[in-house]
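Worksheet: one structure, shown below.
Worth saying up front: this structure is predicted, and the values here are computed from it rather than measured. Starting from 1, each residue takes its place in the sequence as its number.
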Amino acid sequence: MAEVIDELGIKDRTIGVPPAGCAVLAYNYFDVDMCEAPHGRAAAVATGMKRILKDRVVFTYQGDGDIAAIGTAETIHAANRGREDHCHFVNNAVYGMTGGQMARQLCPDRRQLQLRAEDCPSETDIRLI
């Protein structure tokens, strides 16, 4: 995404909307204006920004829990409105802020998550079986 923003020369008029959650640090990866949204509400915030700032390129950068769990309604409503900004879905298959709870958008090769203290060198490591 960052390369495309640079190639298109739109950096000065691009706004990213990362929500609280696993995508919250997106402002460290993109050198554009950013507006953090509440968890699950990035699509709604981006829609409002695009309506007010019509000349801007607005995108969301959302994790799987944000866009397809807590933010399902906002994502569907934004799509239904036919908005002109862009949603980027980061499917990391876990809810990163919960210590490794599996997301509902499972990858085909990941069917079960097991967290056992004896298998994990630290509290944040997980073992997929």
key: Qualifying residue for side-chain contact (heavy atoms from CB on, under 4.5 Å) with L53, from D33, V58, I15   = I15
note = For E36 and P19 the tightest heavy-atom approach is CG-C, 4.3 Å
request  = Might you point out which heavy atoms bring T60 and A42 nearest each other, and give the distance in Å?
outcome  = CG2-O, 3.6 Å
ask   = According to a 4.5 Å side-chain heavy-atom criterion applied to Ile, Leu, Val, Met, Phe, Trp and Tyr, with indirect links allowed, do V57 and Y29 form part of one hydrophobic cluster?
value = yes
query = Can you list the steps and then say if K11 with D6 is a salt bridge (Lys or Arg N to Asp or Glu O under 4.0 Å)?
reply = CA-CA 6 Å; K11 179 180 159 186; D6 285 342; 5.6 Å; no
query = Minimum heavy-atom separation for A37 to V17, with atom names?
reply = CB-CG1, 3.8 Å
task = Find the distance between NE2 (H39) and CD1 (I70) and round it off to the nearest 0.5 Å.
result = 5.5 Å
key: Q62 and C87, any side-chain heavy atoms less than 4.5 Å apart   = yes
remark   = For G16 and V32, the nearest pair of non-hydrogen atoms, with its separation, is N-CG2, 4.2 Å
ask   = Looking at Y61 versus F30, is the centre-to-centre ring distance below 6.0 Å?
value = yes
task = Could you tell me whether the side chain of K54 and the main chain of R51 form a donor-acceptor pair under 3.5 Å?
result = yes
inquiry  = Looking at every heavy atom in both R41 and G71, which two are closest together, and how far apart are they?
reply    = NH1-CA, 4.4 Å
ask   = Is any side-chain heavy atom of V45 less than 4.5 Å from a side-chain heavy atom of P38?
value = yes
query = Counting only heavy atoms not in L25, do more than 12 fall under 6.0 Å of its CG?
reply = yes
query = Less than 4.5 Å apart, any side-chain heavy atom of T14 and any of R56?
reply = no
query = What heavy-atom pair brings C35 and M49 nearest, and what distance separates the two atoms?
reply = CB-CE, 3.8 Å
ask   = Can you tell me how far the OG1 atom of T75 sits from the CG atom of N80, to the nearest 0.5 Å?
value = 12.5 Å
inquiry  = I'd like to know if R13 and D55 make a salt bridge, using a cut-off of under 4.0 Å between side-chain N and carboxylate O.
reply    = no
